[in-house]
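Notes follow once the structure below has been shown.
Just so it is clear, the model here is predicted, and its values are computed rather than measured. Just so it is clear, the values below take in all heavy atoms, side chains as well, and ignore hydrogens, waters and symmetry mates. Note on naming: letters A, B, ... go to the chains in the order of the sequence lines (proteins, then strands), and numbering restarts at 1 for each one.
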Amino acid sequence: MLEITGLSAGYEGNDVIQDASFRVDSGEAVMIIGSNGAGKTTLFRSVVGLLAPSLGAVRYEGTDITGVPAQRIVRRGISFVPAERRLFPRMTVRENLALGAYPGRPDPKTMELVMDLFPRLAERQRQRAGTMSGGEQQMLAVGRALMADPSLIVLDEPTTGLAPKLAADAYEALGALRDRGLTVLVAEQQVPLAMALCDRGYVLDNGRISTQGTSAELANDPDVRRAYLGIT
Amino acid sequence: MIANILDGIIFGIQLGLWAAGLTLIYGLGGVLNLAHGQIAVISAMVLAFAMDAGLPALPASGLALLVGGLVGLFLDLTILRPVYRLQGEARVLLSLLLTLGFAFIVDGFLNWRYPGRALSLFIGGGAIDILGVPMRRGSLLASAITLVAFAALFSFFRFTTLGRAVRSVIEDEEGARLVGIDPARIMRLILVLSGVLAALVAVTRSMVVSVDVQAGFGITVLALIVTVVGGLGSVSGALLAGIILGIVNVIAADVIGTFMSLVVLLLAAAVTILIRPAGLLGVEE
Ligand SMILES: Nc1ncnc2c1ncn2[C@@H]1O[C@H](COP(=O)(O)OP(=O)(O)OP(=O)(O)O)[C@@H](O)[C@H]1O
Ligand SMILES: [Mg+2]
């Protein structure tokens, strides 16, 4: 479904990501794990068209989408949920969701799905996004991304700023989406949560992909255990 | 006193319209269009010549609005291209320089070709009493048209998908891109819209006083003051600030003298910024 080959990307000529290759197949949940500053955000931004890669290719469902701007990539079926959420703070929950379906009108079925998944959003449709709690904003960000009816949802650290209980809830929602057939690609530092959701994963280390494997394989990898699971 | 306040409100509604186009462009893309007033003047001249050529006022006004929109589109397609490539402060500065250059060219050309030329749309009929104050029909009609334009703008932003898309770019450009909105296309749309609004300034203003070839910079300066007081990017802020400053202006002119009223307006703007840096309805970053 999504295939990244030899991707390099960075800022002002300095490549932060070097020669990264990975793939996500339809129906899978895949994680990219890495510590602060490893380059997860840079990698995702260059996949979803917010940053032009300096080298390499991004292919989605057989077509080359390298360098296609974000506003066009979302129309092809990839929705991105950035760590900063990027909601429209002065608009209501409902307006934020409606814009997720841009340029169309929001599809009532999709709206219902989002409301079922996040009953809190249903209760707070008229509240302004900027006045909601961090957890609610995260739900809204995912909900808005779903309104575009994507086939692949890409999330950058969806647990940023969330208390453990809320982080677990966020992953529960992702599990539900995945069970409905949505393909998930997620960057995470809270590795146990991501491992429980994902089939496979890649370890991003200083801008390079150092290890890959199924979640079980990664859970047994001594380096991963030490660096990300706090087990020695 | 009531007469002053009524006059102030009427002028203030106008001021709000002057600022609406300017504030939208700035809020959307950090672009300052110092040729705003010149777009109004170009439209005024088109309207004057169209009526000279025998076109009735209504279709001639429609033509003026069309030309205003086209000038906005022209700016977007030409001198603003390099501006869009820059970010932040550099973008504001370059837009300021380039639009100022365009404004000088327009001013120079019009003053050379059509010196002293002015547009006035005479609205006949006697005065109408409002709260015991006789008001000119031209002023009332201009205010009514302007208020309808504001109502249309507000509905556009509130109820249409495209209007929400414009707001979303003002609130979070990257968020807008992530839902599939192309900020460059929204910017083009708003430049056309602000051109149309500038033309509407010419049409309505000329119902009250004559708009001559030199009116451009005066319009831009007042529009800038109102934009700053109202809050960059806020159309409702522009209307509110316009009405407040309109009243301040008329009272200052009455109490101190017309020559000082612009100074008083600048003072009012300075005080607003000291108390609320983001303007009346602007949002703190
Ligand atoms: N806009 C930018 N300009 C220059 N350098 C940047 C920029 N954004 C990130 N970097 C640098 O790129 C490197 C990778 O950052 P990135 O944000 O991709 O890491 P990350 O894995 O997402 O980290 P975190 O877990 O803290 O979000 C860092 O060294 C960072 O300083
Ligand atoms: Mg990050």
Side-chain angles (χ1 to χ4, degrees), chain A residues 11-12 41 44-45 47-51 68-92 94-107 110 128-131 137 140-150 153-156, chain B residues 23-24 26-29 81 84-88 90 153-190 230-238 240 276 278-285:
Chain A
Y11 311 92
E12 281 129 38
T41 300
F44 277 10
R45 287 175 69 84
V47 169
V48 302
L50 288 171
L51 185 68
V68 174
Q71 58 267 29
R72 291 229 285 278
I73 284 191
V74 59
R75 305 250 177 108
R76 291 175 184 243
I78 305 180
S79 279
F80 179 51
V81 183
E84 325 81 74
R85 279 124 205 186
R86 297 278 178 192
L87 296 169
F88 309 123
R90 281 174 283 156
M91 292 195 212
T92 64
R94 209 180 168 83
E95 284 177 313
N96 269 274
L97 291 175
L99 274 171
Y102 186 87
R105 300 211 142 265
D107 173 39
T110 319
R128 289 188 181 213
T131 64
Q137 292 195 15
L140 182 53
V142 174
R144 189 181 70 179
L146 291 176
M147 291 304 294
D149 195 19
I153 187 167
V154 180
L155 306 105
D156 188 11
Chain B
T23 202
L24 275 173
Y26 190 87
L28 200 58
R81 300 264 92 187
Y84 295 148
R85 269 183 237 124
L86 301 177
Q87 296 296 325
L153 270 182
F154 290 137
S155 325
F156 169 67
F157 287 122
R158 182 126 241 110
F159 302 119
T160 70
T161 302
L162 195 56
R164 287 197 190 115
V166 175
R167 278 162 62 209
S168 77
V169 177
I170 293 177
E171 294 198 14
D172 194 318
E173 184 170 328
E174 192 171 300
R177 292 183 62 195
L178 289 176
V179 299
I181 296 165
D182 183 349
R185 289 177 63 175
I186 297 289
M187 189 68 185
R188 181 162 306 156
L189 170 81
I190 289 304
L232 299 165
S234 168
V235 175
S236 41
L240 179 65
R276 267 187 76 87
L280 295 175
L281 299 184
V283 182
E284 317 270 336
E285 289 292 316

* For atom CZ of A/Arg128, is the number of surrounding heavy atoms from other residues, nucleotides or ligands below 6.0 Å larger than 12? ->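 Atom CZ in A/Arg128 is not crowded, with 12 or fewer foreign heavy atoms closer than 6.0 Å.
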* To do: Flag yes if more than 12 heavy atoms outside A/Arg72 fall under 6.0 Å of its CZ atom; otherwise flag no.
  =>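 Counting other residues, nucleotides and ligands, CZ of A/Arg72 stays at 12 neighbours or fewer.
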* To do: Go through the steps to decide whether B/Val169 and A/Phe88 satisfy the test side chain to side chain contact (heavy atoms under 4.5 Å, CB included), and finish with yes or no.
  => CA-CA 9 Å; B/Val169 177; A/Phe88 309 123; over 6 Å; no
With a 4.5 angstrom heavy-atom cut-off, which part of [X] approaches chain B: side chain, backbone, both or neither?
{"X": "A/Leu87", "answer": "backbone"}
{"X": "A/Arg45", "answer": "side chain"}
{"X": "A/Ala148", "answer": "neither"}
{"X": "A/Pro103", "answer": "backbone"}

What is the distance from atom [atom1] of [X] to atom [atom2] of [Y], rounded to the nearest 0.5 Å?
{"X": "B/Arg167", "Y": "A/Glu95", "atom1": "CZ", "atom2": "CD", "result": "4.5 Å"}
{"X": "B/Leu162", "Y": "A/Tyr102", "atom1": "CG", "atom2": "OH", "result": "5.5 Å"}
{"X": "B/Asp172", "Y": "A/Arg90", "atom1": "CG", "atom2": "CZ", "result": "10.5 Å"}
{"X": "A/Gln71", "Y": "B/Glu173", "atom1": "CD", "atom2": "CD", "result": "9.0 Å"}
{"X": "B/Arg177", "Y": "A/Leu50", "atom1": "CZ", "atom2": "CG", "result": "5.5 Å"}
{"X": "B/Arg158", "Y": "A/Met91", "atom1": "CZ", "atom2": "CE", "result": "9.5 Å"}

* Which atoms form the tightest heavy-atom contact between B/Thr161 and A/Gly104, and what is the distance? ->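 So the minimum-distance heavy-atom pair works out to CG2-O, 4.4 Å.
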* Asked: Do you know which of A/Ser79, A/Pro69, A/Pro82, A/Pro89 has the most heavy-atom pairs under 4.5 Å to chain B?
  ->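 The answer is A/Pro89.
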* For the side chain of A/Arg144 and the backbone of B/Val179, is there at least one donor-acceptor N/O pair under 3.5 Å apart? ->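 It does not hold such a pair.
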